Q: 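I have a structure I would like to understand better, so I am pasting it below and will then ask my questions one at a time.
Because the structure is a prediction, the values reported are computed rather than measured. Whatever order the structure lists them in is the order used to number ligands and atoms, beginning at 1.
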Amino acid sequence: MIRSYTDYPLKKHHTFGNEVSAKYYFEFTEPEDLPLFLSTNKEWHDLKLLIMGEGSNLLFVDDFPGLIINPNIPGIEIVREDRNNIWLQVGAGVVWDQLVEFAVFHNWGGIENLSLIPGKVGASAVQNIGAYGMEIQDRIESVKGYDLDTEFEYTIEGYECQFAYRDSIFKKLFKNRFIITSVVYKLDKFPEFILHYGDLKAEVQKLGEVNLRNIRQTVIRIRESKLPDPAVVGNAGSFFKNPIVDASLAEDLLDNYPAMSHYPADDGKIKLAAGWLIEQCGWKGFRRGDAGVHDKQALVLINYGNATGREIYDLSEEIKLSVLDKFGVYLELEVNVIGE
Ligand code: FAD
Ligand code: EPU
């Protein structure tokens with residue numbers, strides 16, 4: 001199925017929920033719809049492009065003047081199986097948490113800690129989604145899509161995707177060029193549980209047996225206790241990445257702030273908790289007009305109703321400056337800001 005619109009309102013298509021529109025919007029459900037659309041609408045070459053899933057990691061600061069492409073492709077299919085593993089090919093338009101629910105129902109492990117992350121399967125590979133000690137890069141076997149530059153469809157192996165913390169080749173060389181149509185995930189039939197994050201293990205044990213269902217239920221409960229539901233309050237999850245700094249800077253900061261949250265990262269570096277840094281600068285629960293900072297998680301900026309994208313973006317810049325000023329730490333955006 002193809003849907004194609006001009007001057008299309010986006011309010012219901014992104015979780016910040018501010019009023020913006022797209023000049024052109026194209027959504028399709030079959031991979032072969034895309035080349036057909038492109039060949040019959042040659043003017044797309046001259047337009048600014050944005051590939052979009054559920055819009056749960058986007059902030060529009062303005063109307064989008066170009067073409068939005070939404071590959072809303074359904075389907076979960078078993079493509080391979082052996083004694084220990086199962087490989088699922090999943091359409092880019094499948095709701096991420098429905099895939100997690102499906103896997104947990106069948107007792108296939110590897111994605112249960114990623115329960116309740118909003119968004120679609122396509123973006124899981126773009127963002128290398130992560131939570132509670134798990135990152136999806138460990139489960140992605142391959143990614144299939146359509147390259148707008150070469151006008152060919154091909155498959156990229158997981159090890160070619162340049163995955164890193166909230167990063168991948170799809171945010172760099174292939175940004176708004178490679179339209180992901182499906183992802184193959186490798187799951188475990190005899191799962192090993194990952195429970196080292198915070199007090200996850202103790203919380204799961206409160207439910208009795210440690211199994212996929214109880215891990216999923218616990219992660220959902222913890223998330224619901226801290227993160228605002230986008231259906232109720234506009235937000236896009238963490239607005240900034242957790243900064244990864246040199247050990248020497250972390251040590252200096254710990255001398256002054258011994259209670260600072262920090263974790264070991266690769267290459268001897270240290271990951272700091274951006275939420276902690278922002279809270280220390282006094283922003284937690286801050287509100288100006290309808291733009292604000294969540295009162296249970298300072299890393300989440302929110303739209304109470306009628307904030308513009310520009311107001312939320314300006315607030316994020318003020319927060320960035322104050323963290324830089326107080327701690328000498330630069331915060332990188334986690335959310336994709338469109339139009340700035
Ligand atoms: P969109 O926001 O629509 O797009 C995100 C990026 O992917 C954009 O750059 C877009 O161009 C690109 N893209 C989307 N689909 C495709 C495609 N098919 N082909 C090529 N490029 C594409 N994230 C985490 O990692 N961990 C969390 O714990 C987490 N918690 C969240 C909690 C809340 C309440 C919210 C609102 C968000 C949270 N997020 C989290 C962020 C968000 O859910 C993820 O980034 C998610 O993967 C975005 O999916 P989406 O379909 O909404 O993508
Ligand atoms: N913290 C504070 N104050 C706050 C928020 C957090 O002091 O206002 C401290 C906490 O006490 C804790 C530490 O910061 O010591 C980490 O907090 P939390 O466990 O809530 O996780 P986070 O680092 O803030 C990251 C991800 C989330 C993911 C959670 C759980 C990033 C940018 N964010 O948040 O992902 O769900 O860990 O794994 O890495 C997202 O990407 O949108 C997202 C929500």
Q: Hey, which atoms in ligand 2 end up nearer than 4.0 Å to a heavy atom of Glu334?
A: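 Atoms satisfying the 4.0 Å criterion: 41 (O), 42 (O).
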Q: From the options Pro118, Ala274, Ser238, Gly237, select the one whose nearest heavy atom is closest to atom 44 (C) of ligand 2.
A: Ser238
Q: Where does Lys175 meet ligand 1, judged by heavy-atom distances below 4.0 Å: at the side chain, the backbone, both, or neither?
A: neither
Q: Any non-hydrogen atom of Glu334 lying under 4.0 Å from ligand 1?
A: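 No; Glu334 lies far enough from ligand 1 that no heavy-atom distance drops under 4.0 Å.
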Q: Evaluate the criterion side chain to side chain contact (heavy atoms under 4.5 Å, CB included) for residue pair Tyr25 and Asn70; output intermediate values, then yes/no.
A: CA-CA 8 Å; Tyr25 182 91; Asn70 187 339; 3.1 Å; yes
Q: Could you list which atoms of ligand 2 come closer than 4.0 Å to a heavy atom of Tyr263?
A: 12 (C), 13 (C), 15 (O), 16 (C)
Q: By the definition side-chain contact (heavy atoms from CB on, under 4.5 Å), identify the one residue from Thr308, Asn235, Ile312 that meets it with Asn303.
A: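 Only match with Asn303 under side-chain contact (heavy atoms from CB on, under 4.5 Å): Ile312.
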Q: Quick one: which ligand 1 atoms are inside 4.0 Å of a heavy atom on Ala236?
A: 35 (C), 36 (C), 37 (C)
Q: At a 4.0 Å threshold, what atoms of ligand 1 neighbour a non-hydrogen atom of Ala131?
A: 28 (O)
Q: Under a 4.0 angstrom heavy-atom cut-off, which atoms of ligand 2 come close to Tyr165?
A: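 Answer for ligand 2: 31 (C), 32 (C), 39 (O).
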Q: Is there a polar contact between ligand 1 and Asn57, counting only N or O atoms under 3.5 Å apart?
A: yes
Q: Give the numbers and elements of all ligand 1 atoms closer than 4.0 Å to a heavy atom of Lys120.
A: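 Contacts of ligand 1 toward Lys120, numbered from 1: 49 (O), 50 (P), 51 (O).
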Q: Looking only at protein heavy atoms, which one is nearest to atom 5 (C) of ligand 1, and what is the separation?
A: Gln127 OE1, 3.6 Å
Q: For Gly130 and ligand 1, does the shortest N/O to N/O distance drop below 3.5 Å?
A: yes
Q: Taking 4.0 angstrom as the limit and counting only heavy atoms of Asn176, give me the atoms of ligand 1 inside it, by number and element.
A: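 Per the distance check, 11 (O).
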Q: If you measure every N/O of Ile179 against every N/O of ligand 1, is any gap under 3.5 Å?
A: no
Q: Note the single closest protein heavy atom to atom 43 (O) of ligand 1, along with its residue, its atom name and the distance in Å.
A: Pro118 O, 2.9 Å
Q: Is the cationic atom of Lys271 (NZ for Lys, CZ for Arg) positioned less than 6.0 Å from the six-membered ring centroid of Tyr165 and within 45 degrees of its normal?
A: yes
Q: Quick one: CG on Leu301 to OH on Tyr313, what's the gap to the nearest 0.5 Å?
A: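 The CG atom of Leu301 sits 12.0 Å away from the OH atom of Tyr313.
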Q: For Asp62, is there an ion pair with Arg310 - N to carboxylate O distance below 4.0 angstrom?
A: no
Q: On a heavy-atom basis, I'd like to know which of Ile68, Ile129, Leu50 is closest to atom 44 (C) of ligand 1.
A: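 Residue with the shortest heavy-atom distance to the ligand atom: Ile129.
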Q: Do NZ/NE/NH1/NH2 and the carboxylate oxygens of Arg287 and Asp295 come within less than 4.0 Å?
A: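 Judged by the 4.0 Å cut-off on N to carboxylate O distance, Arg287 and Asp295 do not form a salt bridge.
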Q: Could you tell me, atom by atom, which parts of ligand 2 come under 4.0 Å of a heavy atom of Arg166?
A: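 Atoms satisfying the 4.0 Å criterion: 26 (C), 27 (C), 31 (C), 33 (N), 35 (O), 39 (O), 40 (C), 41 (O), 43 (C).
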Q: Tell me the nearest of Phe16, Phe239, Phe170, Phe178 to atom 20 (C) of ligand 1, using heavy-atom distances.
A: Phe178
Q: Any nitrogen or oxygen of Val126 lying under 3.5 Å from a nitrogen or oxygen in ligand 1? Just yes or no.
A: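 No; the residue has no nitrogen or oxygen that sits under 3.5 Å from a nitrogen or oxygen of the ligand.
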Q: Could you identify the single nearest non-hydrogen protein atom to atom 34 (C) of ligand 1 and state the distance to 0.1 Å?
A: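 The protein heavy atom lying closest is Asn235 OD1, 3.4 Å.
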Q: Decide, yes or no, whether a salt bridge links Lys186 with Glu141 under the criterion of side-chain N to carboxylate O below 4.0 Å.
A: no
Q: Closer than 4.0 Å to some heavy atom of Gly119 - which atoms of ligand 1 meet that?
A: 49 (O), 50 (P), 51 (O), 52 (O)
Q: Find all atoms of ligand 2 within a distance of less than 4.0 Å from any non-hydrogen atom belonging to Glu279, and give their numbers and elements.
A: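 Ligand 2 atoms under the 4.0 Å threshold to Glu279: 2 (C), 3 (N), 4 (C), 7 (O), 8 (O).
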Q: Please report whether ligand 1 has a polar contact with Glu54, defined as an N or O pair separated by less than 3.5 Å (distance criterion only).
A: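 Among all N and O atoms of Glu54, at least one is under 3.5 Å from an N or O of ligand 1.
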Q: Is it true that Lys120 and Asn72 share a donor-acceptor pair across their side chains at a distance under 3.5 Å?
A: yes
Q: Measuring from atom 19 (O) of ligand 2, which candidate in Phe240, Tyr197, Tyr132 has the nearest non-hydrogen atom?
A: Tyr197
Q: Is it the case that Glu203 and Thr218 place a side-chain donor and acceptor less than 3.5 Å from each other?
A: no
Q: To the nearest 0.5 Å, what is the distance between CG (Leu249) and NZ (Lys269)?
A: 10.0 Å
Q: Taking the inter-plane angle between the rings of His13 and Tyr8 on a 0 to 90° scale, is it parallel (under 30°), tilted (30 to 60°) or perpendicular (over 60°)?
A: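 Plane angle between 30° and 60°, so tilted.
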Q: Among all protein heavy atoms, pick the one closest to atom 1 (P) of ligand 1 and tell me residue, atom and distance.
A: Gly55 N, 3.6 Å
Q: Using the rule that Ile, Leu, Val, Met, Phe, Trp and Tyr join whenever any side-chain heavy atoms are under 4.5 Å apart, tell me whether Ile180 and Ile136 fall into a single cluster.
A: yes
Q: Going by the atom numbers of ligand 2, which of them fall below 4.0 Å from some non-hydrogen atom of Ala273?
A: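 What qualifies from ligand 2 is 13 (C), 14 (O).
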Q: What is the closest protein heavy atom to atom 49 (O) of ligand 1, and at what distance does it sit?
A: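 Answer, as residue, atom name and distance: Ala123 CB, 3.2 Å.
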Q: Would Phe26 and Phe37 count as a close aromatic pair, with their ring centres under 6.0 Å?
A: yes
Q: Taking atom 17 (O) of ligand 2 as the point of reference, which of His262, Lys271, Gln297 owns the nearest heavy atom?
A: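 Answer by nearest heavy atom: Gln297.
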Q: Under 3.5 Å between any N/O of Thr15 and any N/O of ligand 1: does that happen in this structure?
A: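 The answer is no, given that Thr15 and ligand 1 share no N or O pair closer than 3.5 Å.
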Q: State if Gly145 counts as touching ligand 1 under the rule of any non-hydrogen atom under 4.0 Å.
A: no
Q: Is there a path from Leu299 to Ile117 through hydrophobic residues (I, L, V, M, F, W, Y) whose side chains come within less than 4.5 Å of each other?
A: no
Q: Using 30° and 60° as the class boundaries, would you call the ring planes of Phe327 and Trp276 parallel, tilted or perpendicular?
A: tilted
Q: Go through ligand 2 atom by atom and flag the ones less than 4.0 Å from a non-hydrogen atom of Ala131.
A: 36 (O), 38 (O)
Q: Mind checking whether Ile51 has an N or O less than 3.5 Å away from an N or O of ligand 1?
A: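 Yes, there is a polar N/O contact under 3.5 Å.
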Q: Could you check whether Arg221 pairs with Glu224 (Lys NZ or Arg NE/NH1/NH2 to Asp/Glu carboxylate O, under 4.0 Å)?
A: no
Q: Which atoms of ligand 1 are found less than 4.0 Å from any heavy atom of Arg223?
A: 27 (C), 28 (O), 29 (C), 30 (N), 31 (C), 32 (C)
Q: Are any of the side-chain nitrogens in Arg3 or Asp33 under 4.0 Å away from the carboxylate oxygens of its partner?
A: no
Q: Closest by any non-hydrogen atom to atom 40 (C) of ligand 1: pick that one out of Ile117, Thr181, Val95, Ile136.
A: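 That would be Ile117.
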Q: Counting each atom of ligand 1 from 1 as listed, which ones have a heavy atom of Pro228 under 4.0 Å away?
A: 34 (C)
Q: Under 4.0 Å between a Lys/Arg side-chain N and an Asp/Glu carboxylate O for Arg288 and Glu311?
A: no
Q: What I want to know is whether Ile180 and ligand 1 share at least one N or O pair that is separated by under 3.5 angstrom.
A: yes
Q: Of all the heavy atoms in His14, does at least one lie under 4.0 Å from an atom in ligand 1?
A: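 His14 does not count as a contact of ligand 1 under the 4.0 Å cut-off.
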Q: So, is Ala298 polar-close to ligand 2, with some N/O to N/O distance under 3.5 Å?
A: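 For ligand 2, there is an N or O atom that lies under 3.5 Å from one belonging to Ala298.
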Q: Go through ligand 2 atom by atom and flag the ones less than 4.0 Å from a non-hydrogen atom of Arg223.
A: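 Every atom of ligand 2 under 4.0 Å from some heavy atom of Arg223: 36 (O).
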Q: Which atoms of ligand 1 have any heavy atom of Pro71 under 4.0 Å away?
A: 18 (N)
